[in-house]
Novice: 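I'd like to ask you about the structure that follows.
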2 protein chains.
Amino acid sequence: MENQVTAHEVAKLAGVSQSSVSRVFTKGASVSEKTREKVLKAAEQLGYRPNEYARSLIKRKSSLIGLVMKGVSNPYYPHAVKKFTSELKKLGYSVLLIDTDDVELQMQDIDALLSYHVAGVVIMDATASFQTAEMLRRFRIPAVLFNRVVPGTGLHSVSCENESAAREIARLLIARGCKSFTYVGGREGASTHIERLKGFTEELENHGFGCQVLPGDFTYGTGYRNGAEMIESGRLTDAVFAVTDLMAYGIYDAFRDRGVRVPEQVKLVGFDDIEMSSWSSYNLSTYAHPVDRMVALSIELLLDPEQSHAEGEVHYLTGEMRLRGTT
Amino acid sequence: MENQVTAHEVAKLAGVSQSSVSRVFTKGASVSEKTREKVLKAAEQLGYRPNEYARSLIKRKSSLIGLVMKGVSNPYYPHAVKKFTSELKKLGYSVLLIDTDDVELQMQDIDALLSYHVAGVVIMDATASFQTAEMLRRFRIPAVLFNRVVPGTGLHSVSCENESAAREIARLLIARGCKSFTYVGGREGASTHIERLKGFTEELENHGFGCQVLPGDFTYGTGYRNGAEMIESGRLTDAVFAVTDLMAYGIYDAFRDRGVRVPEQVKLVGFDDIEMSSWSSYNLSTYAHPVDRMVALSIELLLDPEQSHAEGEVHYLTGEMRLRGTT
DNA sequence: TTCAAAATTGCATACGTATGCAAATTCCTA
DNA sequence: TAGGAATTTGCATACGTATGCAATTTTGAA
C-alpha cells in the first residue's frame with residue numbers, strides 16, 4: 001500500500017489532470033474518447049486501481065455488503081453465500097464476511113459493519129439477530145434476514161413458504177397411505193421450525209390425523225438420536241417429516257442401523273434439498289428452497305432505497321417438492 | 001452513511017479537539033484519563049465509530065484480508081473459513097470474501113482485492129491461482145495458498161503432509177491384509193491429488209504391490225461412477241483409497257447399491273475427515289487435516305512482514321489418522 | 001468563415017481521520 | 001514555592017478521490 005499508484009501519477013503520465021483520470025473511472029462522468037484512451041493506457045501501464053477507501057470516503061457511500069453467518073451447521077448456506085457474492089459483484093458490491101460463533105467477538109463484528117458503513121447486511125444467523133438488529137436500526141443500515149423471521153425487529157425477511165410447503169408434505173404422506181405421523185423439529189424459537197410445524201400438524205388435523213412432535217436442533221446427531229429413540233421406545237410412525245435434510249439423514253441412518261427400512265416401513269421427508277439429498281445413500285424426498293430467487297429478492301430489498309427504509313415485511317417465496325426414494 | 005457521526009462532532013460535545021478524539025481511538029496514542037472518559041462518554045452518546053475508510057486512507061494500510069474460494073464443492077472449506085474469520089477478527093482484521101466460479105467476474109474480483117489494498121490474501125481455490133498469483137506478486141500483496149501447492153508462483157503454501165499421510169494409509173491397508181489396491185484421484189494437476197498419489201503408490205511399491213489408478217475430480221458423482229465401474233468391469237480391489245472423503249462417499253454408495261460390502265470385501269479410506277465421515281452411514285476411516293494449525297500458520301505468514309515478503313515456501317503440517325468402520 | 005451552444009477540461013475543495021510540531025498543561029524534585 | 005522535565009493538547013496538514021464551477025475547446029448550423 002505504501003507504493004500505491006495514484007490518479008495523480010496516471011494523470012502526469014497521460015498528460016491530463018487528476019480530475020480527468022477520475023472521470024474515466026467514474027461511470028456516468030463525461031470524458032472525450034481521446035483522453036479516455038490516453039488515461040486507460042497510462043493506467044494499465046502503471047497498474048492503477050482507484051483507491052476504494054478514498055472513493056467511499058468522498059462519495060460517502062460504501063460498496064460493501066455485510067454477510068453475517070454463524071458457523072457451518074447446514075451445508076445449505078454455502079450455496080446461498082456463493083450466490084450472494086456473485087450477484088452482488090455484478091452490481092459492483094463486495095462482501096464483508098462475518099462468520100463466527102464466538103460471543104466475545106460479536107461486538108467487534110458489529111463494529112466492523114458500522115466502521116465500514118456497509119451499504120446493507122444479510123443476516124443468516126438467528127442468534128445474532130436481536131442484538132444486531134437493534135444496532136442496524138439505530139444506524140439505519142438496510143438489513144435482510146435470510147431464511148428466518150424474527151418478529152418485532154422491523155427488518156425485512158426473505159423466507160421460504162414453509163407453512164404451505166409443510167401442508168403439501170402432509171398431504172403427500174397421507175396420499176401415500178400413512179396413518180401415523182412424526183415431526184422432528186429444530187431449535188425452539190426458530191421461525192423455520194415454527195412455521196413448518198404449524199403447517200404440518202394443522203394439515204394433518206384437517207384430515208383427522210394427530211402428530212407426534214419431537215424436539216431437535218437442526219443437527220445430524222440429534223436427528224440420529226430421535227430416530228433411535230423412536231424405535232427403542234416403540235413410537236415409530238408410518239411417516240416422519242424432519243425440519244431439515246440434515247436431521248432427516250440422522251433419522252434415516254438410525255433407522256438403517258436398526259433394520260428399519262425406508263420407505264417400506266417408514267416414509268421420510270426432509271426440507272432444503274441440499275446436494276447430499278440426491279446422493280444414492282439417502283435419495284431423500286424433500287422440499288427445495290428457491291435459493292436463487294430468495295437471494296435476488298434479498299438484494300433487491302437491500303439496495304432499493306424505497307424498500308430498505310420501509311418497515312420490514314416478511315416475503316415468502318415458493319419452492320418445489322422433490323420426490324425421491326424415501327416416499 | 002449520510003448521517004455519519006464524525007470525530008468532530010464528538011469533539012465538540014466532549015469539549016476537546018478532534019485530535020484528542022482520534023487519539024482515544026488510536027491504540028498507542030497518549031491521552032489523559034480525564035479526556036479519555038469525556039470522549040468515550042460523548043462517543044457512546046452519539047454512537048460514534050471511527051470511519052474505516054478515512055482511517056485506512058490516512059494510515060495507508062488496510063484492515064482487510066481477502067479470502068478467495070470457489071464454490072462450495074467440499075464441505076471441508078467452510079470450517080476453515082470460519083476459523084479464519086474468527087482468528088483474523090481477534091487481530092483486528094475483517095474478511096473480504098471472494099466466492100464465485102463465474103469466470104467473467106474473476107477480473108472484477110481481483111480488482112476488488114487491489115482496490116481495497118487488502119493486507120493479505122488467502123487462496124483456497126486452485127483455478128484462480130495462476131492469474132491471481134501473478135497480480136498479487138506484481139502488487140506485492142502477501143498471499144498464502146491454503147491446502148494447495150502451485151509450483152512457480154512464489155507464494156507461500158500451507159498444506160497437509162499429504163505424501164507421508166498417504167504412505168501411512170498404504171501401510172495401514174497392507175497391515176489389514178489387502179493385496180490389491182486402487183487409488184481414485186482428484187483433478188489432474190491439483191497438488192493434493194499429486195502428492196497423495198505419489199505417497200500411496202510409492203509406499204505400495206516399496207512393499208511389492210501395484211496400484212490401479214482411476215481419474216477423478218473431487219466430486220461425489222465421479223466417485224460413484226468410479227465405484228460402479230470398478231465393479232462392472234471386474235476390476236474391484238481389496239482396498240480403495242480416495243483422494244477426498246467426498247469421493248469416498250460416492251464410491252461407498254456405488255458399492256452399497258451393488259451389494260459390495262465395506263469393509264468385509266473392500267476396505268475404503270478417504271482424506272479430510274469432514275463431519276459427515278463420522279456419520280453412521282459412512283463411518284469412514286480417513287486422515288484428518290490439522291485445520292486449526294493450518295489456519296494459524298497461514299495468518300502468521302500473511303501478517304509477518306519478514307515472512308510475507310520472503311520467497312514463498314511450502315509448509316507441510318502433520319494431521320492425524322482416524323480409524324473407523326471402513327477398514 | 002463565424003458565432004453560439006454543447007462538450008470537455010482543470011482548478012479547487014471536501015470527505016473523516018492520523019500525526020508531526022509547537023504550545024499549554026501537569027508533574028516532580030529541590 | 002520555584003522551575004525544569006514530562007506529558008497532554010490543539011493546530012495544521014496529508015491521505016486519494018469525486019465533483020461544482022468556471023475556463024477552455026469542440027461542435028454544428030447559418
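Everything numeric in this text was worked out from a predicted model, so none of it was measured. Throughout, protein chains are lettered first and strands after them, A, B, ... in sequence-line order, and every chain is numbered starting at 1.
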Novice: Would you say B/Ser32 reaches D/dT9's phosphate, i.e. side-chain N/O to OP1/OP2 under 4.0 Å?
Specialist: yes
Novice: Going through the distances and angles, do B/Glu87 and B/Lys83 end up as a salt bridge (charged side-chain N to carboxylate O under 4.0 Å, His left out)?
Specialist: CA-CA 6 Å; B/Glu87 295 301 315; B/Lys83 191 73 188 167; 3.5 Å; yes
Novice: Within this structure, what is the CD-to-C1' distance between A/Gln18 and D/dT17, rounded to whole angstrom?
Specialist: 6 Å
Novice: Can you check the A/Arg36 CZ to C/dA7 P distance for me, whole Å?
Specialist: 15 Å
Novice: Just to be sure I understand the rule, does A/Val16 reach a base, reach only the sugar-phosphate, or reach nothing, if contact means heavy atoms closer than 4.0 Å?
Specialist: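 Contact class for A/Val16: sugar-phosphate only.
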Novice: Is B/Ser22 touching bases, backbone alone, or none of the nucleic acid, heavy atoms closer than 4.0 Å?
Specialist: base
Novice: Can you identify which nucleotide, out of D/dT9, C/dT9, C/dG16, has its nearest atom closest to the A/Leu57 side chain?
Specialist: C/dG16
Novice: For C/dG10, does the base pair up with any side-chain atom of A/Arg23 as donor and acceptor (N or O, under 3.5 Å, distance only)?
Specialist: yes
Novice: Could you give the CD-to-C1' distance, from A/Glu33 to D/dT26, as a whole number of Å?
Specialist: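 The distance from CD of A/Glu33 to C1' of D/dT26 comes to 15 Å, rounded to the nearest Å.
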Novice: Taking B/Asp111 first and then A/Arg49, would you say they form a salt bridge - that is, a charged N and a carboxylate O separated by under 4.0 Å?
Specialist: yes
Novice: For D/dT17, does either OP1 or OP2 sit under 4.0 Å from a side-chain N or O belonging to A/Tyr48?
Specialist: yes
Novice: Remember a base hit wins even if backbone is also touched, and classify A/Val21 as base, sugar-phosphate or nothing at under 4.0 Å, heavy atoms.
Specialist: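 No contact at all - A/Val21 keeps every heavy atom at 4.0 Å or more from the nucleic acid.
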Novice: What's the CD1-P distance between A/Ile58 and D/dG16, to the nearest Å?
Specialist: 14 Å
Novice: Take the protein atom NZ of A/Lys38 and the nucleotide atom C1' of C/dG10, then report the distance between them rounded to whole Å.
Specialist: 13 Å
Novice: Can you check whether B/Ser17 has a side-chain N or O nearer than 4.0 Å to OP1 or OP2 of D/dT9?
Specialist: no
Novice: Taking the ring centre of each residue, are B/Phe84 and B/Phe146 less than 6.0 Å apart?
Specialist: yes
Novice: So B/Leu40 and B/Phe25, do their side chains get closer than 4.5 Å, heavy atoms only?
Specialist: yes
Novice: To the nearest angstrom, how far is A/Lys59 atom NZ from D/dT17 atom P?
Specialist: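 Between P of D/dT17 and NZ of A/Lys59: 13 Å.
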Novice: Once you measure the plane-to-plane angle for A/His315 and A/His156, does it fall in the parallel (<30°), tilted (30-60°) or perpendicular (>60°) bin?
Specialist: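 Ring orientation, 0 to 90° scale: tilted.
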Novice: Using a distance-only criterion (donor-acceptor N/O pair, under 3.5 Å, no hydrogens), is the base of D/dC11 paired with the side chain of B/Ser19?
Specialist: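 Counting by modelled atom types and ignoring angles, a donor-acceptor contact under 3.5 Å is found here.
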Novice: Nearest whole angstrom, please: distance from the P of C/dA18 to the OH of B/Tyr53.
Specialist: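 Atom OH in B/Tyr53 sits about 15 Å away from atom P in C/dA18.
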Novice: Do the side-chain N or O atoms of A/Thr35 get closer than 4.0 angstrom to the phosphate oxygens (OP1, OP2) of C/dT8?
Specialist: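 Checking C/dT8 against A/Thr35, no side-chain N or O comes under 4.0 Å of OP1 or OP2.
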Novice: Base, sugar-phosphate alone, or nothing: which one does B/Ser56 contact when heavy atoms must sit under 4.0 Å apart?
Specialist: nothing
Novice: May I have the distance from A/Arg55 (atom CZ) to D/dA18 (atom C1'), rounded to whole angstrom?
Specialist: 9 Å
Novice: Indicate whether OP1 or OP2 belonging to C/dA18 is found under 4.0 Å from a side-chain N or O atom of B/Thr26.
Specialist: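 So the side-chain polar atoms of B/Thr26 do come within 4.0 Å of the phosphate oxygens OP1 or OP2 of C/dA18, strictly under.
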